[in-house]
Structure formats: structure tokens, C-alpha cells
Amino acid sequence: MFDDVLCLSHLRWGFVFQRPNHLMTRFARERRVFFVEEPMFGETAPRLDVQESEGGLHVVVPHLPHGRSHEEVEQLQRTMLDRLIAQHRISAPLLWMYTPMALGWARHVPSVATVYDCMDELSLFHGAPPALRDREKELFGRADVVFTGGVSLWEAKRNHHPNVHAMPSSVDAAHFATAREGKKDPADQKEIAHPRVGFFGVLDERLDRELLGAVASAMPEVQFVLLGPIVKIDPASLPKLPNIHYLGQKNYKELPAYLAGWDVAFMPFAINDATRFISPTKTPEFLAAGCPVVSTPIRDVVRPYGEKGLVRIAGTPEEMVRAIGDAIVEKDKPAGIARRAACDGFIAQMSWDQTYQAMCAHVHDAIKRRSRAIEAALELVEEHDDDSALEGTLGRASDAEEAPCSTI
């Protein structure tokens with residue numbers, strides 16, 4: 001149905017390996033993928049870097065000079081995108097959007113269908129562009145299908161579009177299960193004593209720094225290991241204690257080796273606007289590695305992981321201290337082994353391959369509906385010799401034949 005995917009993302013390909021990376025690498029097995037990042041600014045003339053990353057996947061990075069107005073920046077990006085499309089002969093691609101702000105330079109691109117993969121409520125993040133909400137409203141009007149990164153986000157978006165499906169981020173269970181094979185401890189972790197409690201992910205406004213400091217202070221015998229880049233917060237604001245170890249960002253392939261040396265994994269997320277609708281990918285990744293997990297009461301962690309007894313939920317420092325202590329004691333006892341078996345059974349039902357296939361099925365249905373709408377509109381034009389009928393029919397097509405919204 002289409003030969004190319006044009007993906008417009010607010011995340012960089014080489015940042016933390018997450019949802020866009022998992023999905024686009026799978027698309028690239030069958031067709032060309034152009035992953036277009038937001039621009040990088042510097043003392044440079046405008047240029048577009050295109051590098052082939054994996055198979056048919058091309059990472060596209062606009063480089064723009066400092067000091068241009070917002071309008072000039074969007075015009076430069078439109079020009080660069082048009083040049084990319086012309087040079088690579090991209091014709092009627094699947095337009096896959098992670099940021100509504102990309103409409104400023106991509107709304108004119110003809111596509112076989114438009115997908116809005118809404119993985120976060122970006123408008124609630126620190127520094128979100130003021131125009132983001134209006135752009136998202138426009139994108140809802142243009143998209144043929146909308147996916148959300150979790151159930152709580154689906155609940156928030158389901159009334160904004162007639163074809164919205166919750167597609168929680170999944171897990172490459174085989175990759176993380178290698179943590180159970182007794183991997184060699186990485187050099188920067190091997191001197192850290194046990195018991196170890198670990199976390200990997202972006203260290204930003206979503207991290208409850210006060211909670212982390214309080215728990216580490218209350219458990220001086222436990223070592224807390226945090227992996228990941230520090231973004232949008234002052235590094236000096238992170239708690240500094242002898243038993244907290246910040247080891248920096250790690251490659252996705254390296255993560256199981258670190259997990260292999262953890263006694264417990266934890267998710268000390270703050271309860272704030274930025275975490276209201278998150279569905280952490282790391283939850284099933286930690287479980288696949290065989291780690292007991294303790295989390296603050298993030299809604300998409302409580303449902304289903306907390307309710308099923310797969311993850312311990314702790315809302316205060318005292319509760320988290322108790323939960324971590326219980327998880328350490330239980331880990332290799334019969335109750336811990338039984339809990340791990342229940343986790344294995346649950347995550348066996350979810351994989352990135354399954355999520356990808358389910359999303360593709362919805363995309364193909366959307367393309368078929370659009371095709372039928374175009375055929376119907378053309379017949380109407382021929383019958384009534386009225387060009388305005390074409391626009392009107394297409395405008396109503398997404399409402400007329402949409403499938404019921406999914407909740408999974």
C-alpha cells in the first residue's frame with residue numbers, strides 16, 4: 001500500500017532507545033523509513049544531514065543557524081523537507097507523526113495516510129511550545145488514525161478523534177531476559193556493593209528527586225544505581241549521597257548487563273503534570289529481566305501491574321523503603337519465585353512485534369477507508385460535475401466508516 005514511511009519526531013534517534021525506535025526499525029525491514037528529527041541549531045549555514053542507520057532507515061537531521069524567527073525556521077524546514085522528498089523520490093508516504101508541531105512544515109505533504117502516535121501528553125512537559133495544543137487539534141482533524149502510548153492517555157484523547165486506539169508500549173522480552181544469565185558486571189558497576197536498587201531512563205522533571213533522596217537516606221545500606229541522561233533539570237538538583245550512583249546514559253544493548261546486577265528495580269516517578277499520562281516502557285523491561293519492581297502510583301503502572309500484584313506500589317518515602325526492603329527479602333524465596341513466574345506469564349502476552357502488527361492492521365484499514373472515500377467522491381464529482389463535492393466528501397470520510405475505538 002505504501003513504499004515509504006516519513007516519521008516526524010520530537011525525539012532524536014540516537015537518544016534513549018524507545019517507542020519510535022522499536023516501531024521504525026520494524027517498518028524498515030519492509031520499506032524505506034525517513035526519521036526526521038527536529039532541527040539542531042548552531043553557527044552554521046542551513047543544511048540537511050541524511051544518514052542511513054539500519055537497513056532502509058534514514059535518520060534526517062536539519063541543521064539551522066541561530067537567530068532565525070519561528071516563521072523562518074518553519075519555512076527552512078519546509079524547504080528542506082521538500083528537497084528530501086524530491087531527492088529520494090518519496091511518493092505518497094505514510095506520514096507518521098510524534099509531534100503536532102511538525103505540521104508547521106509538513107502539513108502540505110501528500111500522504112497515503114496520516115498517523116498520530118501520541119506517546120505522551122507533550123503539552124504538560126516543561127518548556128512545551130504555546131502553540132502545541134492548537135497544533136494537536138489541527139492534527140486530530142487531519143489524522144486518519146491515532147494511537148496512544150497508554151490506556152490513561154487513550155482515555156484523555158478518545159473523544160478528540162473517531163479512530164483512537166490505545167497501544168501501550170511493549171517489550172523485547174528476549175533481549176531483557178538475558179539479564180538472568182549471570183552477565184559480567186559492567187566496569188562502572190562492579191565495585192558497587194549489594195543490595196542494589198536500579199533505574200534506567202531519562203532523568204528529568206518526571207524524577208521525584210526529593211523521594212529519591214529521602215529513600216536513599218533512610219536505607220544507607222542499599223546502593224541506588226541510576227542510568228540515563230540528565231535533561232531539562234539542573235544536575236545540581238539531584239540528591240548527592242554516598243549510596244546514590246549516577247552512571248550516565250547507556251546503550252540499549254548494554255542494559256541487560258546492568259540489570260543482571262540489580263536486586264530490585266524501582267521507578268521513583270514524581271506525581272505531577274508530566275507523569276499524569278505516562279505509561280513507562282521500563283515496567284515490562286524490568287520484569288522481563290527478572291527484577292522485582294517498586295513504583296510510585298503512576299496510573300498506567302497501578303493498572304494493570306499493581307492490581308495484578310506484579311509490581312509493588314509505594315506513594316511515600318516510608319512506603320517505598322518498606323516495599324524495597326520486602327522485595328529484597330522476598331526475591332529468591334518461594335513467594336518471589338512465584339511472583340516472577342506470574343510476571344513472566346503476563347509479559348509473554350506482549351511484544352513489540354505484536355504491537356507493531358496490530359498498529360499496521362489499523363493503518364491498513366485507514367488507508368482502505370481513505371481510498372474508498374476518494375473513489376466515492378470522484379463518482380460524486382462525475383455525477384454532479386461539482387468539484388466542491390470532492391472536498392466535502394473527503395472531509396466526512398473519517399467520520400463515516402471508522403471502526404469502534406479500541407481500549408487495549
Side-chain angles (χ1 to χ4, degrees), residues 9-12 15-22 38 98-99 117-129 132-133 148-157 168-169 171 197-216 224-240 244-250 252 255 258 262 264-287 291 293-303 305-306 311-317 319-320 323-324:
S9 177
H10 61 293
L11 298 170
R12 302 210 177 276
F15 190 49
V16 176
F17 198 91
Q18 51 191 305
R19 183 184 183 94
N21 305 76
H22 283 290
E38 291 185 333
Y98 281 103
T99 170
D117 191 8
C118 181
M119 59 182 286
D120 286 306
E121 182 55 84
L122 297 178
S123 65
L124 296 180
F125 281 44
H126 179 69
L132 183 57
R133 288 186 183 275
T148 66
V151 174
S152 63
L153 195 53
W154 173 81
E155 291 170 342
K157 303 295 183 183
S169 291
V171 61
V197 176
F199 169 88
F200 64 69
V202 180
L203 307 183
D204 59 11
E205 69 214 78
R206 294 169 293 179
L207 178 70
D208 192 331
R209 287 158 278 176
E210 290 185 8
L211 176 67
L212 171 61
V215 173
F224 293 83
V225 179
L226 290 93
L227 315 178
I230 301 170
V231 177
K232 295 194 298 183
I233 60 172
D234 183 353
S237 70
L238 293 169
K240 306 295 193 298
I244 301 181
H245 310 270
Y246 302 102
L247 303 187
Q249 184 172 353
K250 305 301 175 185
Y252 181 74
L255 294 177
Y258 285 91
W262 296 354
V264 175
F266 78 142
M267 299 191 295
F269 287 114
I271 305 302
N272 58 27
D273 283 346
T275 64
R276 189 183 306 169
F277 300 110
I278 65 171
S279 182
T281 307
K282 57 187 59 58
T283 312
E285 292 173 344
F286 288 160
L287 295 176
C291 289
V293 179
V294 179
S295 174
T296 51
I298 297 300
R299 194 172 183 185
D300 279 6
V301 179
V302 174
R303 305 178 309 177
Y305 298 97
V311 169
R312 288 177 169 85
I313 304 298
T316 67
E319 290 173 351
M320 183 156 282
I324 289 173

K.L.:
Specify the closest pair of heavy atoms between Pro239 and Tyr246, including all atoms of both residues, with the distance to one decimal.
P.N.:
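For Pro239 and Tyr246, the tightest heavy-atom pair comes out as O-OH, 2.7 Å.
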
K.L.:
Which atom names give the shortest non-hydrogen contact between Phe200 and Lys282, and what distance separates them?
P.N.:
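The answer is O-CE, 2.5 Å.
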
K.L.:
With the side chain counted from C-beta on, respond yes when Val225 and Leu247 share a heavy-atom pair under 4.5 Å apart, and no when they do not.
P.N.:
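With C-beta onward as the side chain, the pair touches.
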
K.L.:
With a 4.5 Å heavy-atom cut-off, do Gln18 and Met119 have their side chains touching?
P.N.:
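They are in contact (side-chain heavy atoms under 4.5 Å apart), so the answer is yes.
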
K.L.:
When rounded to the nearest 0.5 angstrom, what is the spacing between CH2 in Trp154 and OG1 in Thr148?
P.N.:
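If we round to the nearest 0.5 Å, Trp154:CH2 and Thr148:OG1 are 8.5 Å apart.
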
K.L.:
Rounded at 0.5 Å granularity, tell me how far CZ in Arg276 sits from CG in Leu153.
P.N.:
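Reported value, rounded in 0.5 Å steps: 11.5 Å.
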
K.L.:
Tell me, do Phe277 and Asp120 make a side-chain contact under 4.5 Å, heavy atoms counted?
P.N.:
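Phe277 does not reach Asp120 side chain to side chain.
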
K.L.:
Do Arg299 and Ser152 pair up side chain to side chain, a donor and an acceptor below 3.5 Å, judged on atom types alone?
P.N.:
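Their side chains do not contain a donor-acceptor pair, so the 3.5 Å distance test is not met.
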
K.L.:
Quick check against the 3.5 Å criterion: does Thr275 have a side-chain atom that pairs as donor or acceptor with the backbone of Ile278?
P.N.:
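No, the answer is negative, given that no donor and acceptor are paired below the 3.5 Å cut-off.
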
K.L.:
Which pairs pass salt bridge (charged side-chain N to carboxylate O under 4.0 Å, His left out) with one or both residues in residues 229-238, sequence neighbours excluded?
P.N.:
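For residues 229-238, and leaving out neighbouring residues, the salt bridge (charged side-chain N to carboxylate O under 4.0 Å, His left out) pairs sorted by first residue read Glu205-Lys232.
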
K.L.:
How many angstroms lie between CG in Leu226 and CG in Leu212, if you round to the nearest 0.5 Å?
P.N.:
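Output value for this atom pair is 5.5 Å.
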
K.L.:
Minimum heavy-atom separation for Thr281 to Ser169, with atom names?
P.N.:
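Shortest heavy-atom contact: OG1-CB, 3.3 Å.
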
K.L.:
Is there a side-chain contact between Val293 and Leu287 (heavy atoms, below 4.5 Å)?
P.N.:
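Yes, at least one pair of side-chain atoms sits under 4.5 Å.
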
K.L.:
At their closest point, which heavy atom of Ile298 faces which heavy atom of Pro280, and how far apart are they?
P.N.:
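That closest heavy-atom pairing would be CG2-CD, 4.3 Å.
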
K.L.:
Main chain of Glu38, side chain of Arg12: is a donor-acceptor contact present, judged purely on distance under 3.5 Å?
P.N.:
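Yes; judged by distance alone, with no hydrogens or angles, the pair exists.
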
K.L.:
Of all residues at least two apart in sequence or in a different chain, which pass the side-chain hydrogen bond (donor to acceptor under 3.5 Å, both in side chains) check with Arg206?
P.N.:
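Scan of Arg206 (side-chain hydrogen bond (donor to acceptor under 3.5 Å, both in side chains), adjacent residues dropped) gives Asp204.
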
K.L.:
For His10, give me all partners under side-chain hydrogen bond (donor to acceptor under 3.5 Å, both in side chains), at least two apart in sequence or on another chain.
P.N.:
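side-chain hydrogen bond (donor to acceptor under 3.5 Å, both in side chains) list for His10, sorted by chain: empty.
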
K.L.:
Distance from Tyr252 atom OH to Asn21 atom CG, nearest 0.5 Å?
P.N.:
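The distance works out to 9.5 Å.
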
K.L.:
Run the numbers on Lys157 and Glu121 for salt bridge (charged side-chain N to carboxylate O under 4.0 Å, His left out), then give the verdict.
P.N.:
CA-CA 10 Å; Lys157 303 295 183 183; Glu121 182 55 84; 2.7 Å; yes

K.L.:
Out of curiosity, Gln249 CD to Phe15 CZ, how far, rounded to the nearest 0.5 Å?
P.N.:
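Answer for the CD-CZ pair, Gln249 versus Phe15, is 6.0 Å.
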
K.L.:
Please name all residues satisfying side-chain hydrogen bond (donor to acceptor under 3.5 Å, both in side chains) with Asp208, sequence neighbours left out, ordered by chain then number.
P.N.:
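Here no residue qualifies.
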
K.L.:
Listed by chain and number, what are the side-chain hydrogen bond (donor to acceptor under 3.5 Å, both in side chains) partners of Thr296, not counting sequence neighbours?
P.N.:
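Not a single residue meets the side-chain hydrogen bond (donor to acceptor under 3.5 Å, both in side chains) criterion with Thr296.
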
K.L.:
Any side-chain heavy atom of Leu11 sitting closer than 4.5 Å to one from Thr99?
P.N.:
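Sidechains of Thr99 and Leu11: no contact.
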
K.L.:
For the rings on Phe286 and Phe266, is their centre-to-centre separation under 6.0 Å?
P.N.:
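Distance test on ring centres: not under 6.0 Å, no.
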
K.L.:
What's the spacing between Leu255 CG and Leu227 CG if we round to 0.5 Å?
P.N.:
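The CG atom of Leu227 is 7.0 Å from CG of Leu255, to the nearest 0.5 Å.
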
K.L.:
Taking salt bridge (Lys or Arg N to Asp or Glu O under 4.0 Å) as the definition, give me every residue that meets it alongside Lys250, ordered by chain and number, with sequence neighbours left out.
P.N.:
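With neighbours one apart ignored, the set is Asp188.
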
K.L.:
Using every non-hydrogen atom in the two residues, find where Ala314 and Val294 come nearest and quote the distance to one decimal.
P.N.:
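Answer, listing the atom of Ala314 first, then Val294: CB-CG1, 4.2 Å.
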
K.L.:
Work out which heavy atom in Val301 is nearest to a heavy atom in Val311; give both atom names and the distance.
P.N.:
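It is CG1-CG1, 4.1 Å.
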
K.L.:
Any side-chain heavy-atom pair from Pro268 and Val215 closer than 4.5 angstrom?
P.N.:
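The answer is no; the side chains never approach within 4.5 Å.
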
